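Below is one structure, written out as structure tokens; the observations come after it.
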Protein chains: 4
Amino acid sequence: MTGPDDTRAVPRRLLSEATRLFAEQGFDRTSVQEIVAAAGVTKGAMYHYFGSKDDLLYEIYARVLREQTERLEKFAATEEPVARRLFAIAADVVVSTIANLDDTTIFLQSMHQLSPEKRRTVRAERRRYHERFRGLIEEGQQTGEFRTDKPAEVVVDFFFGAVHHLGYWYREGGRLSAQEVGDHFADLLLSSLR
Amino acid sequence: MTGPDDTRAVPRRLLSEATRLFAEQGFDRTSVQEIVAAAGVTKGAMYHYFGSKDDLLYEIYARVLREQTERLEKFAATEEPVARRLFAIAADVVVSTIANLDDTTIFLQSMHQLSPEKRRTVRAERRRYHERFRGLIEEGQQTGEFRTDKPAEVVVDFFFGAVHHLGYWYREGGRLSAQEVGDHFADLLLSSLR
Amino acid sequence: MTGPDDTRAVPRRLLSEATRLFAEQGFDRTSVQEIVAAAGVTKGAMYHYFGSKDDLLYEIYARVLREQTERLEKFAATEEPVARRLFAIAADVVVSTIANLDDTTIFLQSMHQLSPEKRRTVRAERRRYHERFRGLIEEGQQTGEFRTDKPAEVVVDFFFGAVHHLGYWYREGGRLSAQEVGDHFADLLLSSLR
Amino acid sequence: MTGPDDTRAVPRRLLSEATRLFAEQGFDRTSVQEIVAAAGVTKGAMYHYFGSKDDLLYEIYARVLREQTERLEKFAATEEPVARRLFAIAADVVVSTIANLDDTTIFLQSMHQLSPEKRRTVRAERRRYHERFRGLIEEGQQTGEFRTDKPAEVVVDFFFGAVHHLGYWYREGGRLSAQEVGDHFADLLLSSLR
DNA sequence: TATGAATGAGGTTTCATTCAT
DNA sequence: CATGAATGAAACCTCATTCAT
């Protein structure tokens, strides 16, 4: 909960509290009243900065997508062999997903509650991300490093299923650190590709 | 939508329409009114058979869990080597998940909308299923067929993440049949374990 | 609650459970379902014997009124001086009210929930009872035993207010027995009349 | 009914119409829709000011209790002999009860429909009032002005029964004015105490 | 920028009653 | 005599959103 001493800008506070509440209770179960109360403002203030409750959700998505894409680009741009690049990216997406588990949880549970138009935008961005990832697998298949009897698309869906599901079981302070899970997942992915 | 010629018993019709609507629109976005209209009865009838909207969701879960557990037991009981048993089970869970994609979608999106008490029951049953699956991996690790440098639990979560996400991308009539996806997924799992 | 071994006739059991539940929760807060469950029968059975939920209430009233009127007549018919007759009646109405506190509670709280027609019937009977009681006071005023500077009607309303309120404070097993309260009340009434 | 020209604040109007309707039809028989229609607002407005229908009832109680307590304190604080103070208070409680007959009627008929927590609060306040009244009787018993063979508590219950029942028979414009009834009742009380 | 009163539509649930069996 | 499935109306309440200030 945001105290009266929270000096972050109001929109930032609203987004942050909305993220937490959506992840905890779901989008539909969270009322605008709860969000503004948690952020320490009134409804009018929220509607001053955001067009609707939907908008809040969209902004959360947009930030997650932007950050994930940036990270992927950073790792993909190195000169390493493709297997190492893929490993690094796979491990990193796990680590960063765990670091922002709330956002990912919302992403998966609330996507279909977005207005159709915004849903299209989000989906398109998501697809671009997947295609970038798939490109790396295909690159490895062409260089002969990865097996070619599995469609790259299936492997991508296989792997991102696992990633998206982290929110259902991963708990901070559990047996494995985020980095360890990332390494395990990346290793399982690479193993299955050889 | 159920027409006036649908002669199935009312509770069955209600469950079936509820499943479809929950999967399409989400639990919270689906009104009781929509469900009963689709089933061709009135609200009173629904509350005669089910204690609440929640109950409807719970009954859907209970059926899915029961059926999946039965299938696992059937495949696990054969005399095959553990790698073959695991492959068969992994492929089958994909096929049966695709065959009941609506139910699985609901499972993942609406679990947290269940009342706490019922959620506990469902989670306990789910855990039993996972543990049974994990036991097979551990068996393979003990016989030396599977690598031992990966915790069996991580592998289970990795694989079921992929399975649970089928609903997000698999479309009937697409490039791959359910069986093909099942074989691919099972193969990826087994490959990553060797 | 009525057990399966309750061999009283069904209508009697229904009335008895209804009385208890109405007194505990109020007429509107008690559902037909609760009543029939407590009586160990189904709704159909209730509607076989009683025309409506209202009817149950009416039957309860009718019994109370009949019994109270009978008692008053019995005491009024003696040859005692009027002060003694009035004392006996006043004390007795307290004792019998306490003995049937549930019925009286219902009477006061639920009268206005009766259908207009039945309400008229009940009110008329009630008025007759009050007039009979008032007659005794007037008799005492005419013989000079009671003061004449108080309208008999006011005294009746004064006294029956106190009687009807027994349900709000009297508790079985408290400091005073029903008879003691009856004697006190009758004594207060007679004192105030001299 | 409140017309569009009623310029009192919305909460005041809601309370006033609710009081009237509860007294006329009972709490359970009065719908929120009826109340807001009578007050000329929408349901949303009511729930903006009051947490629930229950709350409306509670606010009515709270006001009655507060006013009655204030009046009692005012009369009790004089230097008159105890008999005169008690007479004044007893007559006044009748007059003020008649002046707010709706509130009192609700008090008696609907108390048990209040939520348990609020009921406790109301009951505690009520008890304090009764104890204050009882204290006056005990004071008169100690000074020898009142008889001591009647427990003060019984006399209090006797008298307030009569007061609380005014709503069942007193009608504006009838034979007796509120003041006349008050004087009669107070006189009956004092007579019975000597 | 921000408030908070007010709207109006829609939500889940309850319930007295009916009726075919 | 009795059942219990089904109705349909109405109940209380929630909530995203608007707007005068």
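For clarity, every value in this text was computed on a predicted model and none was experimentally measured.
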If you assign D/V10 and B/Y47 each to the DNA chain E nucleotide with the nearest heavy atom, which residue ends up on the more 5' nucleotide? D/V10
By side-chain contact (heavy atoms from CB on, under 4.5 Å) - contacts of A/R63 (at least two apart): A/R66, A/E67, A/N100, A/D103
Under a criterion of less than 4.0 angstrom to any heavy atom of chain A, what are the 5'-terminal and 3'-terminal contacting nucleotides of DNA chain F? F/dC15 to F/dT18
Just the rounded figure in Å: distance from P of E/dG10 to CD of B/Q33. 11 Å
Looking only at atom types and distance, does a side-chain atom of B/R20 sit under 3.5 Å from a main-chain N or O of B/D102, one as donor and one as acceptor? no
Rounded distance in Å - CE (B/M46) to P (E/dG11): 14 Å
Taking the P atom in each of F/dT21 and E/dT1, what is the distance between them to the nearest angstrom? 22 Å
Strand DNA chain F in bracket notation, Watson-Crick/G-U under 3.5 Å with | for pairs to another chain: .||||||||||||||||||||
Rounded interatomic separation in angstrom, taking CD from B/Q25 and C1' from E/dG11: 14 Å
Does the ring of C/F27 carry C/K53 above it, NZ/CZ under 6.0 angstrom from centre and within 45° of its axis? yes
Residues touching DNA chain F, which here means a heavy atom under 4.0 Å, drawn from residues 48-58 of chain D: D/S52, D/K53
Under the side chain to side chain contact (heavy atoms under 4.5 Å, CB included) criterion, do B/L108 and A/Q109 qualify, and how do the steps go? CA-CA 8 Å; B/L108 295 169; A/Q109 282 184 357; over 6 Å; no
C/T19: what forms a side-chain hydrogen bond (donor to acceptor under 3.5 Å, both in side chains) with it, not counting sequence neighbours? none
If you pin D/A45 and B/K43 to their nearest nucleotides in DNA chain E, which one's is more 5'? D/A45
Non-neighbouring partners of D/H48 that pass side-chain hydrogen bond (donor to acceptor under 3.5 Å, both in side chains), sequence neighbours left out: none
Does a donor on one side chain sit under 3.5 Å from an acceptor on the other, for B/Q25 and A/Q113? no
In sequence, state the C-alpha distance, the side-chain angles, and the governing distance for A/L15 and A/F50, and then conclude on side chain to side chain contact (heavy atoms under 4.5 Å, CB included). CA-CA 10 Å; A/L15 272 182; A/F50 299 93; 3.9 Å; yes
By nearest heavy atom, map B/G44 and A/R29 onto DNA chain F; which one lands nearer the 5' end? B/G44
On the six-membered ring of D/Y61, is D/R126 placed so that its NZ or CZ lies under 6.0 angstrom from the centre and within 45° of the ring axis? no
Distance, nearest 0.5 Å, that separates CZ of D/R120 from OG of D/S115: 8.5 Å
Just do the side chain to side chain contact (heavy atoms under 4.5 Å, CB included) check on B/M46 and B/L56 with the steps written out, would you? CA-CA 9 Å; B/M46 196 217 96; B/L56 232 27; 3.8 Å; yes
